[in-house]
*Asks:* 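Dropping a structure here in structure tokens format, bear with me for questions.
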2 protein chains.
Amino acid sequence: MTPATSVKPYHHGDLRNALVEAGVELAREGGPAAIVLREAARRVGVSPNAAYRHFDSLPALVTAVAQRALTDLAKAMQTEIRRCRPSGDEQADAWRTARAVGKAYVEFALREQGLFQTAFDRRAHAAASDHIEPGAVSPQDVLTERLEALVAAGLLPAADMAAARMLAWSSVHGLALLLLGPLEHLSRRERKAMVEATLDQVGAGLLPGRT
Amino acid sequence: MTPATSVKPYHHGDLRNALVEAGVELAREGGPAAIVLREAARRVGVSPNAAYRHFDSLPALVTAVAQRALTDLAKAMQTEIRRCRPSGDEQADAWRTARAVGKAYVEFALREQGLFQTAFDRRAHAAASDHIEPGAVSPQDVLTERLEALVAAGLLPAADMAAARMLAWSSVHGLALLLLGPLEHLSRRERKAMVEATLDQVGAGLLPGRT
DNA sequence: AAAGGATGTTGACACTGTGAACTTCAAGTG
DNA sequence: CACTTGAAGTTCACAGTGTCAACATCCTTT
């Protein structure tokens with residue numbers, strides 16, 4: 001049995017993950033621009049250049065953090081779906097869960113501003129050729145799943161899927177970013193109202209005649 | 001008459017503006033992160049710290065560039081309105097111009113990616129206490145104006161203005177950012193289709209029963 | 001047991017934002 | 001008109017960053 005903290009082994013053992021986690025923490029504190037290679041290495045207790053054994057460059061680390069953020073977002077959406085307990089009415093349930101997904105999206109953005117911005121940072125998506133997690137579920141997947149439920153419930157014509165996807169994703173994504181940026185001065189109450197109103201409005205656009 | 005280019009006067013004369021313009025150029029080339037104090041000063045032909053006589057810090061310069069970008073965007077929207085020649089039918093015209101504004105928004109974002117991202121950069125809106133241009137018109141103003149036209153034409157209940165504003169702004173803003181980020185691989189044709197479809201869908205949400 | 005490759009470390013370089021002290025110049029005051 | 005004074009630019013300096021090259025250490029495989 002090797003003592004847990006002997007004196008610090010020369011090899012960290014799980015540096016890549018540790019760096020990503022440090023990066024996540026930095027992103028949570030100050031957004032994508034706060035992800036700094038040297039600081040991440042410092043927090044992990046390792047020399048700056050050790051990171052280059054696991055990431056080609058800083059953007060590569062940012063990309064990894066962004067992917068982590070994306071799956072966190074997806075998880076939050078799924079959790080919110082699970083909190084909606086079925087009422088038996090398939091149509092009502094389909095719409096309620098779809099709405100819940102949108103709400104979870106915005107709430108995650110507000111709760112985890114730094115992570116959310118990192119998830120959609122330009123540099124993150126730029127250095128794309130990074131190895132992707134196998135079982136990673138993306139926010140798009142969760143949304144698509146909900147739209148399919150709407151189709152199955154007969155609320156949405158299958159032919160309108162693509163357009164509906166764009167409207168739903170665009171409006172919720174835009175809403176989140178506006179609340180984080182130009183509308184950041186709004187009170188919690190006002191924000192809440194905006195979110196509810198916008199989600200209803202999206203519903204009106206998505207499902208003509210049914211809300 | 002002082003010769004236009006004697007030998008370079010010690011005092012630049014219009015440094016603030018020159019720096020902002022250099023900043024705009026940098027932003028156009030590489031987004032908000034590419035706005036670099038020293039490079040801007042270099043391009044203007046002045047020492048790095050000269051900038052500090054006009055801007056408290058780098059974020060202050062970014063803010064100035066962002067404001068310039070915002071008015072550029074607003075101008076593009078207004079131009080697109082003007083390209084819509086009235087057809088006599090007030091309702092049709094109101095909707096057509098509203099739609100044109102949305103389209104101009106997205107097209108500006110695609111055409112001037114760097115500027116657009118700078119306009120909505122976090123650091124830009126953070127250092128807010130900068131002196132604002134007097135006659136500056138904002139994108140929000142243009143949008144509001146179009147919504148009022150919709151109300152005047154009897155297409156939109158005045159009570160729904162706030163909600164409509166949020167839906168329109170959110171969806172168009174989100175659409176633009178998605179096209180620039182996660183959907184950047186789309187072909188020009190696909191993008192176009194997305195934009196048209198989403199705008200129509202927004203119209204459906206905004207004006208129930210009328211498109 | 002020795003080789004070899006993966007993993008960390010040190011040292012160095014160019015670049016950035018920013019503060020302090022100095023210089024130049026235009027404008028107003030006695 | 002000489003002379004001060006304050007705005008606008010400059011130089012020097014420092015800490016912090018990403019990244020490269022060369023070196024050190026350790027696990028693994030033969």
Side-chain angles (χ1 to χ4, degrees), chain A residues 2-3 5-20 22-23 25-27 29-65 118 121-124 126-127 130-131, chain B residues 1-3 5-23 25-27 29-65 118 121-124 126-127 130-131:
Chain A
T2 66
T5 43
S6 50
V7 258
K8 174 156 106 169
Y10 191 90
H11 288 315
H12 180 285
D14 193 22
L15 222 198
R16 159 139 192 145
N17 259 8
L19 283 174
V20 173
E25 207 49 43
L26 288 173
E29 294 166 12
I35 303 183
V36 163
L37 241 173
R38 290 178 107 104
E39 175 64 17
R42 210 173 293 136
R43 292 194 179 193
V44 174
V46 91
S47 106
N49 287 16
Y52 283 89
R53 298 294 155 184
H54 302 272
F55 300 98
D56 281 353
S57 60
L58 171 60
L61 172 57
V62 176
T63 301
V65 174
T118 306
D121 191 77
R122 282 181 82 228
R123 287 169 302 180
D130 222 4
H131 68 94
Chain B
M1 238 255 200
T2 65
T5 42
S6 49
V7 259
K8 174 155 110 174
Y10 190 91
H11 288 315
H12 180 284
D14 192 24
L15 222 196
R16 158 138 195 146
N17 260 7
L19 283 174
V20 173
E21 258 165 54
E25 207 49 43
L26 289 173
E29 295 167 12
I35 303 181
V36 162
L37 241 171
R38 290 179 107 104
E39 176 64 18
R42 210 173 292 136
R43 292 193 179 195
V44 174
V46 90
S47 105
N49 288 24
Y52 284 89
R53 296 293 154 181
H54 302 272
F55 299 98
D56 282 353
S57 60
L58 171 62
L61 172 58
V62 176
T63 302
V65 174
T118 306
D121 191 79
R122 283 181 80 226
R123 286 170 302 183
D130 222 4
H131 68 94

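Below, chains carry the letters A, B, ... as their sequence lines are ordered, and counting in each starts from 1.
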*Asks:* Start with the C-alpha distance between A:Arg53 and A:Leu15, add both sets of side-chain angles, then the distance that settles side-chain contact (heavy atoms from CB on, under 4.5 Å), and finish with yes or no.
*Replies:* CA-CA 9 Å; A:Arg53 298 294 155 184; A:Leu15 222 198; over 6 Å; no
*Asks:* Looking at every heavy atom in both A:Ala22 and A:Arg43, which two are closest together, and how far apart are they?
*Replies:* CB-CB, 4.5 Å
*Asks:* Return the minimal non-hydrogen interatomic distance between A:Leu37 and A:Pro48, and the atom names on each side.
*Replies:* CD2-O, 4.5 Å
*Asks:* Looking only at side-chain N and O atoms, does B:His54 come under 4.0 Å of OP1 or OP2 in D:dA7?
*Replies:* no
*Asks:* For A:Asp56 and C:dT7, what is the distance between atoms CG and P respectively, to the nearest whole Å?
*Replies:* 14 Å
*Asks:* Any side-chain N or O of B:Arg53 under 4.0 Å from OP1/OP2 of C:dG19?
*Replies:* no
*Asks:* Give the rounded distance in Å between these two atoms: CZ of B:Arg42 and C1' of C:dG17.
*Replies:* 12 Å
*Asks:* Take atom CG of A:Leu61 and atom P of D:dT19, then tell me their distance rounded to the nearest Å.
*Replies:* 10 Å
*Asks:* If you check every side-chain atom of B:Leu37, which of C:dA20, C:dG17, D:dT17 has the closest atom?
*Replies:* C:dG17
*Asks:* How many Å lie between CG on A:Leu15 and P on D:dC26, as a whole number?
*Replies:* 15 Å
*Asks:* Rounded to the nearest Å, what distance is computed from the CD1 atom of residue A:Ile35 to the P atom of nucleotide D:dT17?
*Replies:* 14 Å
*Asks:* Quick check: any donor-acceptor pair below 3.5 Å linking the side-chain of A:Arg16 to the base of C:dT7?
*Replies:* no
*Asks:* B:Arg123 has an atom CZ; how far is it from atom P of C:dT16, in whole Å?
*Replies:* 15 Å
*Asks:* Figure out the CZ/P separation between A:Phe55 and C:dG8, and round it to whole Å.
*Replies:* 11 Å
*Asks:* Kindly compute the distance separating CG (A:Leu19) from CD1 (A:Ile35), expressed to the nearest 0.5 Å.
*Replies:* 11.5 Å
*Asks:* Does A:Tyr52 or B:Ser47 map to a spot on DNA chain D nearer the 5' end, using the closest nucleotide for each?
*Replies:* B:Ser47
*Asks:* Of the options C:dT16, C:dT18, C:dG8, whose atoms approach the side-chain atoms of B:Leu58 most closely?
*Replies:* C:dT18
*Asks:* Can you find an N or O donor on one side and an acceptor on the other, under 3.5 Å apart, linking the side chain of B:Arg38 with the base of C:dG17?
*Replies:* yes
*Asks:* Might you point out which heavy atoms bring A:Arg123 and A:Thr63 nearest each other, and give the distance in Å?
*Replies:* O-OG1, 3.7 Å
*Asks:* Which listed nucleotide (C:dT16, C:dG8, D:dG9) is nearest to the side chain of A:Val46?
*Replies:* C:dG8
